[in-house]
Amino acid sequence: MISALQFNISDALGRWVCPACGYPGYSYGPAYDESHGLAGMAICPCCLWEPGYDDEPLASADAEETILGSLRSYRASWCRERLWRGRETERPDAWDGAEQLRRLFDTAPHVR
Ligand SMILES: [Zn+2]
């Protein structure tokens with residue numbers, strides 16, 4: 001069985017990475033605990049994905065598949081734009097959404 005913990009992704013620098021768009025440092029702590037309860041609250045400054053809200057159940061009986069399904073759905077919407085959705089003042093100067101997503105899939109291919 002897939003654990004909700006697999007959606008807590010960190011990079012080599014120890015930053016928590018948004019499982020939807022790959023933005024590093026989107027949260028100060030892991031989003032999920034063992035029981036798929038929320039361990040921490042965060043809103044991604046890049047794609048605005050929010051665990052506990054944007055991972056709400058789709059048409060799936062399996063909680064973990066629901067997270068993955070909602071991630072894929074949310075990401076597809078973001079990819080159609082590949083735009084910085086948050087505050088412009090928080091956008092890194094050389095931000096590259098495609099590169100960010102490529103790094104996410106390198107680090108965590110299971111969330112693809
Ligand atoms: Zn994001």
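Both ligands and their constituent atoms are indexed starting at 1 by order of listing.
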Check: Where the side chain of Y74 meets the backbone of C47, is there a donor-acceptor pair that is under 3.5 Å apart?
Finding: yes

Item checked: Distance below 2.8 Å from the Zn ion (ligand 1): protein N/O/S atoms -> C18 SG, C21 SG, C44 SG, C47 SG

Check: Can you say whether the rings of W49 and Y26 are parallel (under 30°), tilted (30 to 60°) or perpendicular (over 60°)?
Finding: tilted

Check: Within a reach of under 6.0 Å around CZ of R85, are more than 12 heavy atoms found that belong to other residues, nucleotides or ligands?
Finding: yes

Next item on the list: Go through the steps for R82 and L101 under the test side chain to side chain contact (heavy atoms under 4.5 Å, CB included), then give the verdict.
Entry: CA-CA 10 Å; R82 193 73 54 80; L101 196 58; 3.8 Å; yes

Next item on the list: Not counting sequence neighbours, list each pair that qualifies as a ring-ring contact (aromatic ring centres under 6.0 Å, His included) and has a residue in residues 75-112.
Entry: Y23-W84, W84-W95

Next item on the list: Dump the intermediate steps for side chain to side chain contact (heavy atoms under 4.5 Å, CB included) on C18 and C46, then the final yes or no.
Entry: CA-CA 9 Å; C18 175; C46 172; over 6 Å; no

